[in-house]
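Right, one structure below, let's go through it.
Chain letters run A, B, ... following the sequence lines, proteins first, then strands; residues in each count from 1.
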Amino acid sequence: MPELPEVETIMTLVKSRVENKKIKKTKVINPKLRWPIETRKVKYLEDKTIRSVSRRGKYLIFKFKSQKEILIIHLGMTGIISFKKIEDYEKHKHDHLLIYFSDFIFIFNDVRKFGSIHISNDFNKMFLIKNLGVEPLSSDFNTEYLYELSKKRSCTIKEFIMNQKIVVGVGNIYAAEALFLSKIHPAMRTNKLTLLKCKKLVRSIKSILSKAIKMGGTTIKDYVNAEGKPGYFTQELLIYQKDKCPIHKNNKVTNIKISGRASYFCDKCQIK
DNA sequence: CTGAGATCCTGTCTGC
DNA sequence: TGCAGACAGGATCTCA
């Protein structure tokens with residue numbers, strides 16, 4: 001489900017709700033996720049106070065006061081975080097984890113179970129975190145970085161920018177949008193990428209992600225933030241799930257599969 | 001090392 | 001109306 005802008009939006013909301021709050025109780029309703037929730041470790045978070053909430057790639061990171069353990073949450077495709085007053089909580093289908101604070105509950109719900117929840121005492125060595133690539137909105141993500149890596153590979157450019165080991169946070173929607181803005185064919189091989197195209201691509205990714213963050217992300221089907229509200233970037237999409245190209249207005253948008261994922265592009269704008 | 005393809009899971013929509 | 005099959009914001013694992 002969520003790509004970087006959605007996770008960033010959720011992170012900001014969650015942060016405002018739980019920072020400096022003490023966890024009273026935890027309850028694992030259904031441990032079955034991408035990796036099973038370790039109930040015993042979750043239990044250990046009880047009576048601990050959350051020091052900070054942040055984001056790394058598509059992961060939400062919770063740090064605690066005076067302890068090393070870190071809570072790491074990935075929302076997968078359909079993970080949703082919500083808050084309820086304790087007295088208003090009713091169990092929903094696909095609720096997985098409840099975290100009780102003094103007067104409300106943090107709820108993690110995930111229909112498709114592609115999300116995951118981990119507790120680790122060494123963030124930088126944690127297996128899902130340690131190999132992550134650079135943050136797209138940081139200065140580490142720049143033309144030279146992308147160009148150097150692109151020379152060493154021959155996968156498609158779309159797979160390349162969606163690869164979390166290269167750059168984090170770009171998923172199927174923003175990959176399509178960024179490639180459209182950069183006028184790059186999604187199935188083009190990375191090693192064919194010119195320095196100029198790399199520059200355009202880096203710029204497009206940065207601008208599309210920051211714009212989407214400002215608008216609270218994109219809602220295609222299910223996505224809602226931690227207040228149950230949709231994202232408003234949906235109306236800004238240019239190519240993803242569109243029928244006609246916004247530039248060549250008579251040209252039908254092409255949809256091909258690249259490594260199993262729908263890939264929308266305009267075959268007049270985006271030449272291989 | 002790379003890249004292609006299968007896989008985890010449920011819900012919804014399309015077409016016969 | 002029913003049912004099979006395709007498809008969905010992800011990412012890891014296996015195998016060649």
Has the side chain of R261(A) got a donor or acceptor atom sitting under 3.5 Å from an opposite partner on the base of dA8(C)?
->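 No, the side chain and the base share no sub-3.5 Å donor-acceptor pair.
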Counting side-chain heavy atoms from C-beta on, which of [options] comes nearest to [X]?
X: I220(A); options: dT12(C), dG9(C), dA8(C); value: dG9(C)
X: Q164(A); options: dT10(B), dC7(C), dA11(C); value: dA11(C)
X: R153(A); options: dT2(B), dA4(B), dA8(C); value: dT2(B)
X: H94(A); options: dA8(C), dG11(B), dA4(B); value: dG11(B)

Taking only N and O in the side chain of [X], is any of them less than 4.0 Å away from OP1 or OP2 of [N]?
X: S154(A); N: dG3(B); value: yes
X: K221(A); N: dG9(C); value: no
X: H74(A); N: dA11(C); value: yes
X: K93(A); N: dG11(B); value: yes

Mind checking the P distance from dC3(C) to dC9(B)? Whole angstroms is fine.
->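 Result for the P pair: 24 Å, nearest Å.
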Separation of the P atoms in dT14(B) and dG9(C), to the nearest angstrom =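 Approximately 16 Å lies between the P atom of dT14(B) and that of dG9(C).
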Does [X] pair with [Y] as a salt bridge, N-O distance under 4.0 Å?
X: E135(A); Y: R55(A); value: yes
X: E19(A); Y: R51(A); value: no
X: K58(A); Y: E3(A); value: no
X: K43(A); Y: E46(A); value: yes
X: R40(A); Y: E38(A); value: no

Could you tell me which nucleotide pairs with dA6(C) by Watson-Crick or G-U wobble geometry, both distances under 3.5 Å, or answer none if nothing does?
->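 Check on dA6(C): paired to dT12(B), both distances under 3.5 Å.
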In whole Å, what is the span from the OH atom of Y232(A) to the P atom of dG9(C)?
->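 It is 22 Å, rounded to the nearest whole Å.
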Distance, rounded to the nearest Å, where F114(A) contributes CZ and dG10(C) contributes P =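 It works out to 11 Å between those atoms.
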In terms of the nearest nucleotide of DNA chain B, which residue is placed more toward the 5' end: K113(A) or T190(A)?
->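 The 5'-side residue here is T190(A).
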